[in-house]
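A quick note: this is a predicted structure, and the numbers were derived from the prediction, not measured. Chain letters run A, B, ... following the sequence lines, proteins first, then strands; residues in each count from 1.
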Amino acid sequence: DAKTTQPNSMESNEEEPVHLPCNHSTISGTDYIHWYRQLPSQGPEYVIHGLTSNVNNRMASLAIAEDRKSSTLILHRATLRDAAVYYCILRRPSNTGKLIFGQGTTLQVKP
Amino acid sequence: GAVVSQHPSRVICKSGTSVKIECRSLDFQATTMFWYRQFPKQSLMLMATSNEGSKATYEQGVEKDKFLINHASLTLSTLTVTSAHPEDSSFYICSARGLHDSGNTIYFGEGSWLTVV
């Protein structure tokens, strides 16, 4: 599976938007871009995923670059409960569900 | 949404004993379950893939005789840490893939803290 690169940490103020970047320059044409987050002492939680088009759901938005070599997870209004480690993961449709986690981005949200 | 439950959430065991952690998919059938280990301030490390009714596939460097995985039904996988030692103390997390996986149906359990004393 192709690798992803994320900043180790980011800070945000509460109720402000947060843009979490992810680089995946070796992405293949069939790789889906998945985002998960992990709150302290919990298992990861699915956030969003996409292939080529931008995606929105109740949790976040995913903006995918035209060349697909990077993507950005957007939290429109950060809350204290959004403080977590965010993981950007590439997954192929043929993948059995095995997810390989990188180091992720630790998001701190300041009140 | 679908729920994956792990039990126990926390366990303390004595060095040299074995401990079993259960992973259950509560409202869906899981063809495949995965076990991860996570040390403090580190990312999740995949240990093994378990398919219902067949032997688990272990990642390189993971001792299959130490970490016994059983996936006896479509809703239950167990991880047994045999002859546990303090260095096995970690956060163990399972995930499950639904029968009708459409690309986002990988659900994670809440994790199990193992402390070996």
Are there over 12 heavy-atom neighbours, none belonging to A:Lys69, within less than 6.0 Å of that residue's NZ? no
Give, for atom CD of A:Gln38 and atom OG of B:Ser43, the distance between the pair rounded to the nearest 0.5 Å. 7.5 Å
Let me confirm one number: the CD-CD distance from A:Glu45 to B:Glu110, rounded to the nearest 0.5 Å. 13.0 Å
I want to check something: taking the side chain as every heavy atom from C-beta on, are A:Arg91 and B:Ile106 in contact at a cut-off of under 4.5 Å? yes
Within the 6.0 Å centroid threshold, strictly below: A:Tyr36 and B:Phe108: yes
For A:His76, is the NE2 atom crowded, meaning more than 12 foreign heavy atoms sit under 6.0 Å from it? yes
Turns out that what part of A:Ser41 lies under 4.5 Å from chain B's heavy atoms comes down to both
Answer yes if B:Val62 and A:Ile100 sit in the same cluster of Ile, Leu, Val, Met, Phe, Trp and Tyr residues linked by side chain heavy atoms under 4.5 Å apart, and no otherwise. no
Should B:Met45 and B:Phe91 be counted in the same cluster of Ile, Leu, Val, Met, Phe, Trp and Tyr side chains packed under 4.5 Å apart? no
How about B:Glu87: does its CD atom have over 12 heavy atoms from other parts shown lying under 6.0 Å from it? yes
How far does CD of A:Gln42 sit from CD1 of B:Ile93, to the nearest 0.5 angstrom? 10.0 Å
By a 4.5 Å heavy-atom criterion (distance strictly below it), what part of B:Gln38 contacts chain A: side chain, backbone, both, or neither? side chain
Bottom line for B:Leu44: the part with an atom under 4.5 Å from chain A's heavy atoms is both
Would the distance check show the side chain of B:Tyr36 and the main-chain N or O of A:Gly43 forming a donor-acceptor pair, the cut-off being under 3.5 Å? no
Is it true that the side chains of A:Gln103 and B:Gln42 contain a donor and an acceptor less than 3.5 Å apart? no
Is it true that A:Leu73 and A:Ile64 fall in one hydrophobic cluster, defined by side-chain heavy atoms closer than 4.5 Å? yes
Just wondering, are more than 12 heavy atoms of other shown residues or ligands nearer than 6.0 Å to CG in A:Asn8? no
